[in-house]
Amino acid sequence: KTRCDINRYKKVAKYFTDNSGLPNLFLPGDNDWNDCPNSDAAWQYWASTFIPFEKNWAGRSAFPATVDRMPGQEVNFGFVRGGVVFLGLNLVGGQTNKYITQSDWDTIIENDIEWAKKYLNDHKVGDPKADPNSKEYVRGIVAFGHSARGRRFNKFLQERLSQTDIPVVYIHGNGHTYQAEQSFKSDKWYNYWRIQVDMGYNAPPARFTVRGTTKDALDLDMSVDKGMVFPGGFMKFDRRGGTYPGAVPVDENGIPLVEEDRMLDEVHELL
């Protein structure tokens, strides 16, 4: 809609830096980058605005200092919290074009695999010698990307982790409708979940909860309820109810399905 104007990137960034007391991390999508009229320019706008976005909270939180960035593909991030590895990956949907070829995609995904492999190796994830009682022990993996393009990446995870009891969750957008599936169930790998989040217009932000290991944390309610998946027994994904009052229904391109005047009337009624 905006033809990927630099001011739109800045506007989104300012919204988060002005309004969020908690650090934020961003990953690109096709509408931010490869579907833009000039993908090279769009990438420069995105990267200069959102990498590393966590630095905006450096004076207010200790968290930014715990985030690693992948050399050469700095969009990829990683951190460990509560015994869970969190990985941000460049797994964007959309088209190839004169700026981004299939060979480029292959290289990007290979880098994603190398980034994950480094984290798994550094923390002995899946290593039979890993000590479950160690403070360094990793008990779960959560990866974020933009699309389901990550099949080759997830195949790597299957080969590395399917024989362990470590739960793995891949969370992405792009499809615009909520999905939660055990993609490798037919291969008897039940600890893997792929979750596609709702389009932002149609649902509040999803909430992902990791239960800690203290006595108080173990008392936390982690029961399964409508709209939730429950991988590993200590992680909970809550889509937070789907459509909520005042949400604007949109088509697959994000275009509102109701007239603007009617939308304004509905907003006024809510206010």
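Applying the 6.0 Å contact sphere to CZ of Arg152 captures more than 12 heavy atoms from other residues, nucleotides or ligands. More than 12 heavy atoms of other residues, nucleotides or ligands shown are found within 6.0 angstrom of CD on Gln179. The 12-atom threshold is not exceeded at CZ of Arg151, counting heavy atoms of other residues, nucleotides or ligands nearer than 6.0 Å.
Using a 30° and 60° split on the angle between ring planes, Phe77 and Phe79 fall in the parallel class, below 30°.
Listed by chain and number, the hydrophobic cluster partners of Phe153 are Met70, Val80, Val85, Leu87, Leu89, Leu91, Ile109, Ile113, Trp115, Tyr119, Leu120, Val125, Val138, Ile141, Phe156, Leu157, Leu161, Ile166, Val168, Tyr170, Phe184, Trp189, Tyr192, where partners are ILVMFWY side chains within reach of under 4.5 Å, directly or through others.
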Requested in this report: Give the intermediate values and the outcome of side-chain hydrogen bond (donor to acceptor under 3.5 Å, both in side chains) for residues Gln102 and Asp106.
Outcome: CA-CA 6 Å; Gln102 186 58 50; Asp106 291 341; 3.2 Å; yes
Report task. Output, in order, the C-alpha distance, side-chain angles, deciding distance and verdict of side-chain hydrogen bond (donor to acceptor under 3.5 Å, both in side chains) for Gln196 and Asn174. Result -> CA-CA 8 Å; Gln196 178 174 280; Asn174 192 44; over 6 Å; no
Requested in this report: Report the C-alpha distance between Glu181 and Ser183 in whole Å, list the side-chain angles of each, state the deciding distance to 0.1 Å, and finish with yes or no for side-chain hydrogen bond (donor to acceptor under 3.5 Å, both in side chains).
Outcome: CA-CA 6 Å; Glu181 67 173 26; Ser183 307; 3.2 Å; yes
Requested in this report: Decide yes or no on side chain to side chain contact (heavy atoms under 4.5 Å, CB included) for Gln73 and Val75, but give the supporting numbers first.
Outcome: CA-CA 6 Å; Gln73 191 163 301; Val75 60; 3.8 Å; yes
Report task. For side chain to side chain contact (heavy atoms under 4.5 Å, CB included), just list the numbers for Glu114 and Lys118, CA-CA rounded to whole Å, side-chain angles, deciding distance to a tenth of an Å, and then say yes or no. Result -> CA-CA 6 Å; Glu114 288 305 310; Lys118 175 188 183 302; over 6 Å; no
**Report entry** Steps toward side chain to side chain contact (heavy atoms under 4.5 Å, CB included) verdict (Lys236, Arg207)
**Finding:** CA-CA 8 Å; Lys236 179 170 67 173; Arg207 174 178 288 169; over 6 Å; no
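Judged purely by atom type and a 3.5 angstrom limit, Ser61 has no side-chain atom pairing as donor or acceptor with the backbone of Ala58. Distance alone, capped at 3.5 Å, places no donor-acceptor pair between the Thr66 side chain and the Ala62 backbone. Proximity of a side-chain donor or acceptor of Arg211 to a complementary backbone N or O of Phe234 within less than 3.5 Å is not detected. A donor-acceptor pair is defined here as one N or O able to donate and one able to accept, closer than 3.5 Å; no such pair exists between the side chain of Arg81 and the backbone of Val210.
Using modelled atom types, one finds a donor on one side chain and an acceptor on the other under 3.5 Å when comparing Thr101 with Asp104. No donor-acceptor contact under 3.5 angstrom links the side chains of Asn191 and Gln182, judged on distance only. Residues Asn90 and Asn76 have side chains that never bring a donor and an acceptor to within less than 3.5 angstrom of each other. Checked by atom type, the side-chain pair Asn38/Arg3 shows no donor-acceptor distance below 3.5 Å.
Cys36 SG to Trp43 CH2: the interatomic distance, rounded to the nearest 0.5 Å, is 11.5 Å. Note that CG of Asp112 and NZ of Lys117 are 12.5 Å apart. Values are rounded to the nearest 0.5 Å. The line from CZ of Arg139 to OG1 of Thr164 is 14.5 Å long, rounded to the nearest 0.5 Å. Distance CZ/Arg239 to CG/Asp198: 4.5 Å, rounded to 0.5 Å.
Taking both residues in full, the closest heavy atoms of Thr17 and Phe53 are given as CG2-CZ, 3.6 Å, listed atom of the first, atom of the second, then distance. In plain terms, the two heavy atoms of Asn34 and Gly93 that are nearest each other are ND2-O, 3.0 Å. Nearest heavy atoms, Gln158 versus Ser162: O-OG, 2.7 Å. Taking all atoms of both residues into account, the shortest heavy-atom contact from Leu218 to Thr213 is CD1-O, 3.9 Å.
For the pair Pro167/Met235, a side-chain contact is recorded, criterion being any heavy-atom separation below 4.5 Å from C-beta on. With a 4.5 Å cut-off on side-chain heavy atoms, Lys215 and Asp219 count as touching. Between Phe144 and Phe86, the closest side-chain pair of non-hydrogen atoms falls below 4.5 Å. Annotation: side chain of Trp33 is not in contact with side chain of Trp46 (no heavy-atom distance under 4.5 Å). Between Ile51 and Arg69 there is a side-chain heavy-atom pair separated by less than 4.5 Å.
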Output side-chain donor-acceptor pairs under 3.5 Å for residues 6-13, partner residues at least two apart or in another chain, one line each.
from, atom 1, to, atom 2, distance (Å)
Asn7, ND2, Asp5, OD2, 3.3
Tyr9, OH, Asp32, O, 2.8

Less than 3.5 Å apart, which donor and acceptor atoms pair up between the side chains of residues 23-31 and the rest of the protein, not counting sequence neighbours?
from, atom 1, to, atom 2, distance (Å)
Asn24, ND2, Ser20, OG, 3.1
Asn24, ND2, Leu22, O, 3.0

